[in-house]
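Note sheet for the following structure.
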Amino acid sequence: MGFQLGEDHDSGMNEMNLIPLIDIMLVLMIIFLVTATVANPSIPLALPKANATVQPQPPKEITISINANGEVAWDAQIISLDELATRFQTAGQEQTPPTVQLRADKEAKYDTVAQVMARASDAGLSDLAFVSDN
């Protein structure tokens, strides 16, 4: 003789209980509303005015490298002095002329360095910087 409580059928749960999910959603909504009001204070402020000017973009930089053999490179591309003069002319006609960074090998001839500087000057590029190793 077995002991049994309740009904005899093993049907399982047919419906999902949504009340705990609704409770969680209400708690999350309350937390969101409280956080939103704290994040946006409603205190009226009279902010000061400043006379700051917008800083212009720094000029573009052109890197000219001269190796010990006297070869001249625009960024990483080896070019002739005539091509260098043409590129300097094009760069010199821009609204804000670029800065020329001159990287010369310590064994490079002064004549090559002087020719590069002269072509930059002829194109109106007067902002030259010599790059050295510390």
Do F130 and L84 belong to the same hydrophobic cluster, where Ile, Leu, Val, Met, Phe, Trp and Tyr are linked whenever their side-chain heavy atoms lie under 4.5 Å apart, directly or via other members?
->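 F130 clusters together with L84.
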Cluster check L33, L26: I/L/V/M/F/W/Y, side chain < 4.5 angstrom =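 Per the 4.5 Å side-chain linkage, L33 and L26 are co-clustered.
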Measuring from [X]:[atom1] to [Y]:[atom2], what's the distance to the nearest 0.5 Å?
X    : Y    : atom1 : atom2 : answer
I62  : L128 : CD1   : CG    : 9.5 Å
I24  : M29  : CD1   : CE    : 14.0 Å
L81  : T112 : CG    : OG1   : 7.0 Å
N17  : I22  : CG    : CD1   : 9.0 Å
L125 : Q93  : CG    : CD    : 10.0 Å

Give me the atom names and distance for the closest heavy-atom approach of [X] to [Y].
X    : Y   : result
R119 : D82 : NH2-OD1, 4.3 Å
I31  : T35 : O-OG1, 2.8 Å
A91  : P98 : O-CD, 3.4 Å

Residue pairs passing the ring pair (Phe, Tyr, Trp, His ring centres under 6.0 Å) test where at least one lies in residues 91-118, sequence neighbours excluded =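 Those involving residues 91-118 do not exist here.
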Pairs touching residues 16-35 that satisfy ring pair (Phe, Tyr, Trp, His ring centres under 6.0 Å), sequence neighbours left out |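 As it turns out, there is no ring pair (Phe, Tyr, Trp, His ring centres under 6.0 Å) pair with a partner in residues 16-35 once direct neighbours are skipped.
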Does R103 reach the main-chain N or O of T63 with its side chain, forming a donor-acceptor pair under 3.5 Å?
->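 Side chain of R103 to backbone of T63, a donor-acceptor pair under 3.5 Å: no, none is there.
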Please collect all side chain to side chain donor-acceptor pair (under 3.5 Å) contacts where either partner lies in residues 70-81, sequence neighbours excluded, each pair once.
->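 Only N67-E71, Q77-R87 qualify under side chain to side chain donor-acceptor pair (under 3.5 Å).
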Looking at residues at least two apart in the chain, or sitting in another chain, which of them share a salt bridge (Lys or Arg N to Asp or Glu O under 4.0 Å) with E94?
->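 Checked E94 against salt bridge (Lys or Arg N to Asp or Glu O under 4.0 Å); matches are K60.
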Partner set under side-chain contact (heavy atoms from CB on, under 4.5 Å) for A104, not counting sequence neighbours =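 Scan of A104 (side-chain contact (heavy atoms from CB on, under 4.5 Å), adjacent residues dropped) gives I66, V113.
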Can you establish whether the number of heavy atoms outside I19 located under 6.0 Å from its atom CD1 is more than 12?
->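 No - once you tally the heavy atoms of other residues, nucleotides and ligands closer than 6.0 Å, there are 12 at most.
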Quick one: side chain to side chain donor-acceptor pair (under 3.5 Å) partners of T99, sequence neighbours excluded?
->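 Expected list: D127.
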